[in-house]
Participant: 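I'd like to ask you about the structure that follows.
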Amino acid sequence: MKINNKISNLFNKSTLDVAKNLLGAYLVRSTSKEKIIGKIVETEAYLFDDAASHSYKGLSERNKAMFDNPGRAYVYLVYGMYECFNCTTNKKGVGEAVLIRALEPVFGIEKMKRNRRCDDIKNLCSGPGKLTSALGITRKDNFCDLTSAKSRLRIEIPSKKEKFSIVKAKRIGITKGVSLLYRFYIKDNQFVSKK
DNA sequence: TTAATGATGGGCT
DNA sequence: GCCCATCATTAAA
């Protein structure tokens, strides 16, 4: 797998474009001991003027990573038990991000199974709280630079481009902005959280 | 098969 | 005190 040297240009675009362009990219967790990789198959966009977005009411202690440079991690705790992983987008100060909702397990699958205490490969990363558990992503990864090859958590673009259709749909688990089609997933991929 | 529910804690009013 | 960008378990059908 080759790193695209234009990775830094992946995130400084409109958030809806980034949400689509992240499909097919690889999320890589690497430490000295282990490497875990998943292919991004489902995303959701959260915009600054979007009532469902954490940034809607402006900067706060929790959401300040959303206002940082594009290409950073924004990780938060939801429902008291699960971490959600986002990539920051657009420009510094705007306050937008893309939630990663599902991965297709690619590498380190045995480690994912232990982390999740689950044997069913289709259940390992098919949800935002599941994939962070599978990869060991926590709020300690907040602000992590996803564009650096040295980071413990990063995004990589495969050198050969994969062909797939993108489905546009309503977001899941929100009570505001429910009609917006800000969720994207790879058509017919069996690892998305929900059709 | 789908639907309802409990777990659990931080953010915000 | 209420509201969550969720998930596993249990119950119902």
Side-chain angles (χ1 to χ4, degrees), chain A residues 11 14-23 25 27 36 38 40-68 70-90 94-105 112-144 146 153 155 166-186 190-195:
Chain A
F11 299 99
S14 88
T15 300
L16 292 172
D17 282 343
V18 177
K20 285 176 262 192
N21 291 338
L22 277 172
L23 294 175
L27 179 59
I36 308 176
I40 296 171
V41 298
E42 181 180 358
T43 62
E44 280 179 1
Y46 287 88
L47 275 55
F48 76 95
D49 59 349
D50 162 13
S53 173
H54 289 174
S55 60
Y56 184 61
K57 292 180 178 171
L59 185 67
S60 72
E61 191 56 33
R62 175 177 66 161
N63 68 21
K64 61 186 181 182
M66 286 186 81
F67 293 85
D68 208 306
R72 302 294 191 98
Y74 168 47
V75 185
Y76 64 89
L77 183 71
V78 72
Y79 295 111
M81 335 168 81
Y82 301 102
E83 315 270 351
C84 285
F85 167 71
N86 300 251
C87 304
T88 65
T89 57
N90 205 312
V94 176
E96 300 191 340
V98 171
L99 171 70
I100 307 304
R101 279 199 65 86
L103 303 174
E104 177 177 326
M112 290 187 194
K113 287 180 176 177
R114 287 196 295 278
N115 286 345
R116 290 268 297 122
R117 282 179 264 262
C118 169
D119 264 336
D120 177 11
I121 189 166
K122 288 177 67 172
N123 197 28
L124 290 180
C125 299
S126 55
K130 297 178 188 178
L131 70 92
T132 51
S133 168
L135 273 65
I137 297 170
T138 70
R139 281 162 288 169
K140 285 186 286 190
D141 297 300
N142 206 18
F143 290 103
C144 182
L146 301 170
L153 187 63
I155 302 283
I166 296 174
V167 181
K168 192 163 42 156
K170 292 179 182 179
R171 293 176 293 185
I172 292 175
I174 54 169
T175 54
K176 294 166 187 159
V178 289
S179 62
L180 297 170
L181 301 178
Y182 285 179
R183 183 163 67 99
F184 305 92
Y185 60 87
I186 295 179
Q190 56 185 328
F191 297 95
V192 301
S193 70
K194 193 179 163 192
K195 303 268 155 89

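Note that this is a predicted model, so its numbers are computed, not measured. Convention: sequence-line order gives letters A, B, ...; per-chain numbering from 1.
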Participant: Look at atom CZ of A:Phe143 and say whether more than 12 heavy atoms of other residues, nucleotides or ligands are closer to it than 6.0 Å.
Facilitator: yes
Participant: When the distance from OH of A:Tyr79 to P of C:dC4 is rounded to whole Å, what number comes out?
Facilitator: 7 Å
Participant: Using the heavy-atom set of chain A and a strict 4.0 Å cut-off, write down the first and last nucleotide of DNA chain B that makes it in, 5' to 3'.
Facilitator: B:dA7 to B:dT13
Participant: Could you tell me whether A:Leu99 contacts a base, only the sugar-phosphate backbone, or nothing, with contacts defined as non-hydrogen atoms closer than 4.0 Å?
Facilitator: base
Participant: Using modelled atom types and a 3.5 Å cut-off, is there a donor and acceptor pairing between side-chain atoms of A:Asn21 and backbone atoms of A:Asp17?
Facilitator: yes
Participant: A:Asn63 has an atom CG; how far is it from atom P of C:dA5, in whole Å?
Facilitator: 12 Å
Participant: Expressed as a whole number of angstroms, how long is the span from A:Tyr56:OH to C:dC4:C1'?
Facilitator: 17 Å
Participant: Please report the closest heavy-atom contact between A:Thr15 and A:Ala97, naming both atoms and the distance.
Facilitator: CG2-O, 3.5 Å
Participant: Is there aromatic stacking of A:Tyr82 on C:dT6 here, judged by a ring-centre distance under 5.5 Å and a plane angle under 30°?
Facilitator: no
Participant: Give the rounded distance in Å between these two atoms: CD1 of A:Ile174 and P of C:dC3.
Facilitator: 17 Å
Participant: If we ignore hydrogens and angles and just use 3.5 Å, is the side chain of A:Asn63 paired with the main-chain N or O of A:Ser60 as donor and acceptor?
Facilitator: yes
Participant: For A:Arg62 and C:dC4, what is the distance between atoms CZ and P respectively, to the nearest whole Å?
Facilitator: 11 Å
Participant: Taking A:Cys125's backbone N and O only, do any of them form a donor-acceptor pair with A:Arg116's side chain (distance below 3.5 Å, no angle check)?
Facilitator: no
Participant: State the pairing partner of B:dT8; accept Watson-Crick or G-U wobble contacts with both distances under 3.5 Å, and report none otherwise.
Facilitator: none
Participant: Tell me: CE of A:Met81 to P of C:dA5, nearest whole Å?
Facilitator: 16 Å
Participant: Would you mind classifying the nucleic acid contact of A:Gly80 as base, sugar-phosphate or nothing, using non-hydrogen atoms under 4.0 angstrom?
Facilitator: base
Participant: Within the 4.0 Å heavy-atom criterion, would you say A:Arg101 contacts the bases, only the backbone, or no part of the nucleic acid?
Facilitator: sugar-phosphate
Participant: Which nucleotide in the list C:dC4, C:dC7, C:dA5 gets nearest to the side chain of A:Lys130?
Facilitator: C:dC7
Participant: Could you say whether A:Arg116 or A:Thr175 is positioned toward the 5' end of DNA chain C, judged by the nucleotide with the nearest heavy atom to each?
Facilitator: A:Thr175
Participant: Any sub-3.5 Å donor-acceptor pair from A:Ser55's side-chain atoms to A:Glu96's backbone N or O?
Facilitator: no
Participant: Could you let me know what C:dA5 is paired to, Watson-Crick or G-U wobble, both distances under 3.5 Å, or none if it's on its own?
Facilitator: none
Participant: I need the NZ-P distance between A:Lys170 and C:dA5, as an integer number of Å.
Facilitator: 18 Å
Participant: Has the side chain of A:Tyr76 got a donor or acceptor that lies under 3.5 Å from a partner of the other kind on the base of C:dA5?
Facilitator: yes
Participant: Which residues pass the side chain to side chain donor-acceptor pair (under 3.5 Å) test with A:Asp68, sequence neighbours left out?
Facilitator: none
Participant: Whole-Å distance between C:dT6 P and A:Lys194 NZ?
Facilitator: 10 Å
